[in-house]
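The structure appears right after this line, and notes come after that.
All figures in this text were calculated on a predicted structure; none of them were measured in a lab. First listed ligand is number 1; within each ligand, the first listed atom is number 1.
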Amino acid sequence: MVIKPKIRGFICTNAHPAGCAASVQQQIDYVKSQGDLGNGPKNVLILGSSTGYGLASRIVSAFGYGANTLGVCFEKAPSERKTGTAGWYNTAAFHAKASEANLYAHTINGDAFSKEIKQQVIDTLKRDMGKIDLVIYSLASPRRTDPETGEVYKSTLKPVGQAYTTKTYDTDKDLIHDISLEPANEDEIQQTIKVMGGEDWELWLAALDKADLLADGCKTTAYTYIGKELTWPIYGQATIGKAKEDLDRAAAEIISSKTNKHVEAYVSSLKALVTQASSAIPVMPLYISLIYKVMKEEGTHEGCIEQITGLFQQRLFAESPPMDDMRRLRMDDKETNDATQAKIKALWDQVTQDNFHELSDYAGYHHEFLKLFGFDLQGVDYDADQDPIANW
Ligand code: NAD
């Protein structure tokens, strides 16, 4: 079939296998171009391994450090009539490249919050990999089924405390408009913490520890976004921010409960980027279009792969890495520093329907959005017939 993007609101409902493979290859090429990355992991478990920051973490582990990788993701397989999800094709492409490079890779597709998938991971590690020295927690999910009670929790994206009215950009209608977001109630806050907070991260580390699969000195990190004043009302100080605060609690708990293994647990703060998760957040498409403009002009623009290569090399595996006052590893300083934020704020105040395309880098945002699904990549023939079936 010939595959063209089918965009519905903030999501693209299909994906291009050859385009996803080209995007994975670009990331591998970037990592290889960095030369010797120094000390790093050898046996890595990546939870949320198929897209965005998790996929980048897997690529850096494998192609930057020669590590064995076990990935967990939640993706849809293709059929003869319908394409699979981008994460499915990214994973198939990653496996093909890992196999060419003689790197061990295994991926389990299923609900990482469930006991069954945790058991499958433990069985696979025991069979193939042994103890692991790095666990990446990069899940982004709108819901979670509690493994004990079966109750389904849903996350919401709402302000906390008071209603908030702000500008946003509707990517579907090409329209800048105001949105008013009502504050979350206590139940919505607690549900969001259940989904995106640290409880499942702790359960993973406890299960791995119980199965004696954590190497002495094993590192683990979960990813967060902290941002600044422009995004605080809808992110940092909103429901999702409350869930992310819970990661700080979980990191401390993981460290104190595994002193026998000297586990190092960190929350790592990364910059705002176009991913499937971030394009669903109101305000983010506008904010990201403006930061792309400013950071490209400053020469500091980075994608997932650059951020994660830097995180591993300069923070996670560096001797005495700098940390903030909450012991977090920060890779977001090029976005959140005052000078850059002042430029974004100036654009934010000026932006209207008429000048949006001139003031922002929406073209760059849109290109990155399409790229998430394997579209708009140079060198890919989008008129060519594609076999939607791909496996690993
Ligand atoms: P993403 O949507 O690209 O990736 C999410 C991953 O989680 C995918 O691999 C998906 O298959 C997997 N997943 C989702 N539900 C699952 C489930 N139930 N079981 C197994 N796998 C599941 O998201 P992303 O933007 O890369 O986000 C990853 C982390 O990085 C999140 O914690 C996010 O908050 C954080 N982060 C994102 C940004 C950003 O701007 N995108 C910035 C800073 C931090």
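Atoms of ligand 1 found under 4.0 Å from any heavy atom of G110, numbered from 1 in the order shown, are 19 (N), 20 (C). Counting atoms of ligand 1 from 1 in the listed order, those under 4.0 Å from a heavy atom of D111 are 17 (C), 18 (N), 19 (N). For ligand 1, the atoms sitting less than 4.0 Å from at least one non-hydrogen atom of S138 are 5 (C), 6 (C), 7 (O), 28 (C), 29 (C), numbered in the order shown with element in parentheses.
Counting protein heavy atoms only, atom 41 (N) of ligand 1 is closest to T275 OG1, 3.0 Å.
Of all the heavy atoms of S49, the ones lying under 4.0 Å from any atom of ligand 1 belong exclusively to the backbone. With a 4.0 Å cut-off on non-hydrogen atoms, F113 touches ligand 1 through its side chain and not its backbone.
Classified by interplanar angle (parallel below 30°, tilted 30° to 60°, perpendicular above 60°), the ring pair Y382/H16 is perpendicular.
Between R249 and E202 a salt bridge is recorded (basic side-chain N to carboxylate O distance below 4.0 Å). Ionic pairing of D200 and K118 is present here: one or more N-O contacts between side-chain nitrogen and carboxylate oxygen are shorter than 4.0 angstrom.
Considering G48, A272, P142 only, the shortest heavy-atom separation from atom 7 (O) of ligand 1 involves G48. Looking at K244, Q276, K271 and measuring to atom 32 (O) of ligand 1, the nearest heavy atom belongs to K244. For atom 3 (O) of ligand 1, the candidate residues are L247, T51, N90, I288; the nearest heavy-atom contact is made by T51.
Heavy-atom distances between A222 and ligand 1 stay at or above 4.0 Å for every pair. Using 4.0 Å as the threshold, Y287 has no heavy atom nearer than that to any atom of ligand 1.
Taking any N or O of Y225, backbone or side chain, none lies under 3.5 Å from an N or O belonging to ligand 1.
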